[in-house]
Peer 1: 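Have a look at this one.
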There are 2 protein chains.
Amino acid sequence: MTQKINLTLQRKAILDVIQQSDDHPSAADIIERLRLRGFNFAYGTVYNSLRYLTEVELIRELKLNESVSRYDARIEEHQHIVCKNCGKVEEIMIELPKAWIDEIVKQTRYQISDPHIVMEGMCEACSSGK
Amino acid sequence: MTQKINLTLQRKAILDVIQQSDDHPSAADIIERLRLRGFNFAYGTVYNSLRYLTEVELIRELKLNESVSRYDARIEEHQHIVCKNCGKVEEIMIELPKAWIDEIVKQTRYQISDPHIVMEGMCEACSSGK
DNA sequence: TTTCTTGCAAAACATTTGCAAATCG
DNA sequence: CGATTTGCAAATGTTTTGCAAGAAA
């Protein structure tokens with residue numbers, strides 16, 4: 001079921017910002033970066049667009065143990081690790097052990113198509129500092 | 001550094017509710033269950049207590065890709081899988097592959113003391129239904 | 001015209017905070 | 001007494017929603 005993707009001016013501008021960010025911007029970050037580029041979209045529009053872009057899978061919504069959602073245009077499979085202390089996020093590009101996933105599927109009976117994992121740890125700076 | 005744990009009436013009642021729940025109640029769930037037991041604590045108190053109990057590690061705060069925090073009194077290491085569709089949460093009691101964790105530590109330089117993973121999938125009911 | 005999208009403001013929701021009163025040691 | 005905790009209400013911050021106007025098909 002291939003769907004037609006309707007990229008309005010607003011959606012395209014928002015997608016551009018996310019694709020050109022190498023951190024994981026929140027909605028507020030995105031709005032700020034849009035302003036720098038001369039766009040002043042309504043909050044509602046930005047949130048609507050983010051939901052749309054997530055639905056058509058051009059971006060991924062990350063809930064990284066914070067109160068805000070962050071957005072990521074990297075759609076290849078990868079995971080994230082968040083620092084418990086300062087919140088810094090790193091990408092984990094290491095492939096998940098297939099045997100482990102299989103075991104989870106067998107035990108929980110959940111289907112896992114695109115494994116999406118958020119891991120917690122303590123980043124180098126924070127763990128050396130204390 | 002062992003700390004003295006100060007369990008006031010309110011904190012104890014809240015801890016009891018969480019320990020006696022086998023789902024993962026949110027703050028609102030907890031307040032509701034407290035009411036059923038005849039307790040009417042202020043919102044602020046419940047949130048303060050939850051933060052305190054988390055700090056002294058009697059409970060764990062779970063951020064399961066939702067807008068609310070959930071709380072879990074099982075402190076043994078275990079992971080969670082959330083259904084993308086209906087939000088149902090299951091525990092994963094399968095041990096994490098040590099080699100994988102080691103690889104992550106090596107690559108990201110994050111210290112991982114108590115791995116805490118949130119996985120996404122589609123539960124049996126939701127995946128058979130569509 | 002019919003449908004989808006935007007802009008704006010208000011609403012909703014979870015959580016935090018300030019402060020005075022109560023409790024504990 | 002001094003420190004901590006509670007209760008309450010107000011504030012905060014993020015996201016959603018209702019609705020009218022605008023754009024696209």
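In what follows, chains carry the letters A, B, and so on, assigned in the order in which the sequence lines appear, proteins first and then strands, with residues in each chain numbered from 1. Just the heavy atoms: all of them, side chains too, but no hydrogens, waters or symmetry mates, feed the values below.
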Peer 1: Report yes if at least one side-chain N or O of T8(A) is closer than 4.0 Å to OP1 or OP2 of dC4(C); otherwise report no.
Peer 2: no

Peer 1: Hey, can you tell me if H78(A) and H80(A) have their rings parallel, tilted or perpendicular (30° and 60° cut-offs)?
Peer 2: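 Geometry flag for H80(A) against H78(A): perpendicular rings.
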
Peer 1: What is the separation between atom CZ on R11(A) and atom C1' on dA23(D), rounded to the nearest whole Å?
Peer 2: 12 Å

Peer 1: Could you tell me the separation between the CZ atom of R11(B) and the CG atom of N48(B), rounded to the nearest 0.5 Å?
Peer 2: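 So the gap between those two atoms works out to 8.0 Å.
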
Peer 1: Measure from the side chain of Y52(B), starting at C-beta and using heavy atoms only, and say which of dT5(D), dC8(C), dT6(D) lies closest.
Peer 2: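 Nearest nucleotide to the side chain: dT5(D).
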
Peer 1: To the nearest angstrom, how far is I5(A) atom CD1 from dA25(D) atom P?
Peer 2: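 My rounded result for the distance is 15 Å.
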
Peer 1: Donor-acceptor check, side chain of Q19(A) to backbone of A73(A), threshold 3.5 angstrom: yes or no?
Peer 2: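 Not confirmed, Q19(A) side chain does not pair with A73(A) backbone.
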
Peer 1: For the pair made of CG in L9(B) and P in dA22(C), what is the distance, rounded to whole Å?
Peer 2: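 Taking CG of L9(B) and P of dA22(C), I get 17 Å after rounding.
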
Peer 1: Do side-chain atoms of D102(B) reach the backbone of A99(B) as a donor and acceptor pair under 3.5 angstrom?
Peer 2: no

Peer 1: To the nearest angstrom, how far is F41(A) atom CZ from dA9(C) atom C1'?
Peer 2: 19 Å

Peer 1: Please encode protein proximity along nucleotides 12-20 of chain D as a string of B, S and -, counting only heavy-atom distances under 4.0 Å.
Peer 2: --SBBB---

Peer 1: With respect to the phosphate group of dT5(D), does any side-chain polar atom (N or O) of N6(B) fall under 4.0 Å of OP1 or OP2?
Peer 2: yes

Peer 1: If you count every heavy atom of other residues, nucleotides or ligands that lies below 6.0 Å from D23(A) atom CG, does the total exceed 12?
Peer 2: yes

Peer 1: Whole Å only: how far is the CD atom of E66(B) from the C1' atom of dA12(C)?
Peer 2: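 Going from CD in E66(B) over to C1' in dA12(C) covers 17 Å.
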
Peer 1: Ignoring backbone atoms, establish whether Q10(A) has a side-chain N or O less than 4.0 Å from OP1 or OP2 of dG7(C).
Peer 2: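 Yes, such a contact exists.
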
Peer 1: Measure the distance from CG on N40(B) to P on dC8(D) and round it to the nearest whole Å.
Peer 2: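 For the pair N40(B) CG and dC8(D) P, the rounded distance is 8 Å.
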
Peer 1: Strictly distance-based, threshold 3.5 Å: is any side-chain N or O of Y47(A) a donor or acceptor partner for the main-chain N or O of A27(A)?
Peer 2: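 A pair under 3.5 Å: no.
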
